[in-house]
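Scroll down for the structure; my scribbles are underneath it.
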2 protein chains.
Amino acid sequence: MASKRAPAILTARPKFHPCQLATAPRTISTYGYEQAKALTFAEHGEPSKVLKLHGHSISPAHGSLITLRFLASPINPADINQIQGVYPSKPVFTTSLSTSSPIAVGGNEGVAEVIGVGSGVKTVAKGDWVIMKGPSFGTWRTHAQTDESSVFPIADKSGLTPIQAGTVSINPTTAYRMLKYPSSSLQPGEWFIQNGANSGVGRSAIQFGKLWGLKSINVVRDRDSGIEELKKELQELGADVVVTDTELAAPKFKEKVMSWTDEGREPIRLGLNCVGGKTATNLAKYLSPNADMVTYGAMSKQPFALPAAALIFKNINFGGFWVSKWGKENPDARKKTIEEILGLMKEGKFKDTPVDEVKWDHETKGDTLIDAVQGTLEGYRKGKSVFVFGDP
Amino acid sequence: MASKRAPAILTARPKFHPCQLATAPRTISTYGYEQAKALTFAEHGEPSKVLKLHGHSISPAHGSLITLRFLASPINPADINQIQGVYPSKPVFTTSLSTSSPIAVGGNEGVAEVIGVGSGVKTVAKGDWVIMKGPSFGTWRTHAQTDESSVFPIADKSGLTPIQAGTVSINPTTAYRMLKYPSSSLQPGEWFIQNGANSGVGRSAIQFGKLWGLKSINVVRDRDSGIEELKKELQELGADVVVTDTELAAPKFKEKVMSWTDEGREPIRLGLNCVGGKTATNLAKYLSPNADMVTYGAMSKQPFALPAAALIFKNINFGGFWVSKWGKENPDARKKTIEEILGLMKEGKFKDTPVDEVKWDHETKGDTLIDAVQGTLEGYRKGKSVFVFGDP
């Protein structure tokens with residue numbers, strides 16, 4: 001984050017929005033400032049209570065600084081937990097956005113275009129699309145200025161949409177790494193089983209699994225209608241089997257598993273759990289000896305019961321995965337994973353997870369944006385919401 | 001196990017019990033047969049219902065067979081689960097003990113003296129003390145005949161008691177291996193925390209920990225009286241801290257842990273759990289990030305709840321340890337571990353866990369022996385019960 005204090009907010013919009021000419025030499029606004037807006041918070045609490053749309057200006061980049069125009073930034077559940085103050089990865093509160101008291105910008109994931117570079121910048125160029133190297137960047141904003149070292153450029157953005165690039169680094173990356181969970185080393189023909197299978201991570205896992213020759217049992221929540229459509233949708237992504245929580249809990253499920261897995265000769269070597277509670281305990285029952293169960297979420301907000309026999313006699317190993325921590329400890333592997341997934345997207349081998357686009361342009365009211373955040377929290381939206389920036 | 005059918009039971013005792021002259025050339029009984037007794041069962045069920053004291057004779061060893069006289073065989077909880085039919089390691093039912101229907105001999109652990117060897121035997125000699133290479137041998141018997149390949153000799157038994165040698169291969173070996181849990185690699189000055197700390201495994205872990213420079217927080221059950229004596233006893237073994245379940249559950253326990261661990265600078269890298277239920281969940285709270293929690297028992301018969309945050313954000317890994325499986329997969333390491341522990345016992349560096357000795361000689365009634373087994377199941381006894389064979 002730039003530590004340099006930005007100048008006072010300019011209320012007038014620049015004559016030309018600088019991004020209108022992103023591929024040609026940029027027209028600089030009257031005083032060379034970008035007019036930026038950001039969803040910020042000064043204290044932890046419910047998003048609807050603490051979020052504010054804050055305007056400020058960004059001076060021309062110098063030294064190793066770069067100026068960014070955001071293209072797409074998703075609203076992930078963890079972003080909301082971070083605002084609530086219940087997420088271990090803390091936001092960065094700063095006065096660098098021209099406020100007298102420190103504020104933080106919401107959002108951890110996104111893709112931005114480089115629209116200005118300081119004279120000392122070496123790793124990115126104007127027009128590049130960049131992804132944040134770490135969490136807590138504050139991606140819910142139209143523009144940002146930062147040191148070049150806090151982002152990396154996408155080597156070749158052609159054929160990619162902003163939504164693809166802006167949502168690659170958390171959900172698909174989580175799925176990719178969990179399927180490569182070190183002690184599992186799943187081999188083609190082997191199975192994994194997951195709950196929350198229609199989530200962003202779940203859909204990604206189905207697709208990577210298919211690409212890598214793995215088979216999957218996919219558990220989704222019971223619902224009043226549309227279950228057959230959802231099953232079909234996930235099967236088209238590559239799911240071998242899709243079942244509901246109720247089907248998973250049925251006494252006869254064991255027999256079905258045996259029939260799918262060639263009477264157990266094809267092991268279920270990995271379980272992925274983002275739900276917890278009873279359904280996680282049920283899922284663990286179908287793991288083969290020496291399997292791993294990896295937890296990456298707790299959508300039910302319930303802990304799950306671990307029977308000792310699974311640990312002792314079946315030697316099931318229960319671990320967790322947190323993509324932020326993994327990415328921090330393995331920055332090179334993270335970059336490589338993201339690039340590989342973007343490559344699959346470009347080749348059409350990886351289908352996007354359906355999202356709700358929330359347009360954000362210079363005229364968008366704060367309430368509209370804040371409602372989108374609060375709505376994600378309250379489960380109003382079906383897909384993940386993504387801010388898609390409209391200027392230009 | 002010898003597959004050869006033993007001859008019909010001789011009811012007369014041999015004139016001299018062959019073991020009376022174990023160090024001199026043995027006097028062979030009238031027909032060269034040993035008179036053996038074994039606690040056996042023909043079907044699964046409660047020990048008091050299904051166990052029978054069965055007499056049979058053992059012919060002189062030939063080929064690679066050896067004849068054993070048992071010295072000490074403990075009654076472990078798993079032995080009882082095996083009789084009940086609820087243990088994954090199954091007993092071996094056979095008609096080789098002169099019965100028309102198959103029966104199995106109870107007991108998985110023990111030490112025996114070699115009292116006879118076939119002409120082809122190469123790895124053991126008369127007078128050696130031997131330990132079983134695998135589980136389900138059937139150690140609750142006065143004598144056995146088996147192939148030399150199913151046992152290994154203790155290199156130097158001098159200075160060892162039968163109870164030490166007869167109880168080394170499950171509890172102390174479990175403790176030893178768990179403290180060496182591969183991903184933990186505890187370093188001197190680091191901590192582990194365990195429940196069931198006054199069990200055989202718990203006491204062993206305290207002692208190994210002390211020998212290796214580790215520090216330990218030890219949790220024991222609440223009890224009406226004698227808690228201070230128990231705390232003192234475990235501290236004398238090397239426990240740094242001993243607390244009850246109630247103390248562990250207290251809100252202020254966190255502060256105490258911080259004070260013991262130099263404000264958390266000394267990590268608690270390993271948790272050992274043989275209880276399950278609420279106390280296991282409580283114990284997990286005090287583990288440092290990236291720690292392992294290893295479950296090896298479930299004395300409360302309750303599963304324990306796993307909070308997702310421990311898995312995801314603290315990256316606590318929950319695994320299990322089963323010494324039978326480990327020993328089967330790592331026979332050389334098992335032998336080496338047992339020998340190392342026996343060495344520590346001989347040097348006086350490893351104090352015996354208190355046991356209840358149950359004498360078993362030729363005149364002991366079946367009911368006495370069966371009561372000892374059933375009593376272990378029902379928790380009547382304070383220490384572990386060990387059959388100590390009285391002839392000669």
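Remember, it's a predicted structure, so these values are computed and weren't measured experimentally.
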*For atom NZ of B:Lys90, is the number of surrounding heavy atoms from other residues, nucleotides or ligands below 6.0 Å larger than 12?*
yes

*Answer yes or no: does atom NZ of B:Lys133 have more than 12 heavy-atom neighbours from other residues, nucleotides or ligands under 6.0 Å?*
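Atom NZ in B:Lys133 is packed in, count exceeds 12.
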
*Where on A:Tyr296 is there a heavy atom nearer than 4.5 Å to chain B: the side chain, the backbone, both, or neither?*
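Backbone only.
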
_Heavy-atom proximity to chain B below 4.5 Å, by part of A:Phe313_ = both

*Separation of A:Phe321 CZ from B:Leu311 CG (nearest 0.5 Å)*: 13.5 Å

*Select, from A:Asn273, A:Leu306, A:Ile316, A:Thr281, the one with the greatest count of heavy-atom pairs under 4.5 Å involving chain B.*
A:Leu306

_Chi angles and distances behind the side-chain contact (heavy atoms from CB on, under 4.5 Å) call for B:Asn290, A:Lys325_ = CA-CA 11 Å; B:Asn290 309 315; A:Lys325 183 173 191 285; 3.0 Å; yes

*Top residue by heavy-atom pair count (under 4.5 Å) with chain A, among B:Gly297, B:Ala298, B:Gly276?*
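If we count pairs closer than 4.5 Å to chain A, B:Gly297 comes out on top.
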
*Portion of B:Phe304 that has a non-hydrogen atom of chain A nearer than 4.5 angstrom*: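 Contact with chain A involves both backbone and side-chain atoms of B:Phe304.
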
_Minimal non-hydrogen separation, A:Ile312 against B:Thr295, with atom names_ =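 Where A:Ile312 meets B:Thr295 most closely, the heavy atoms are CG1-O, 3.4 Å.
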
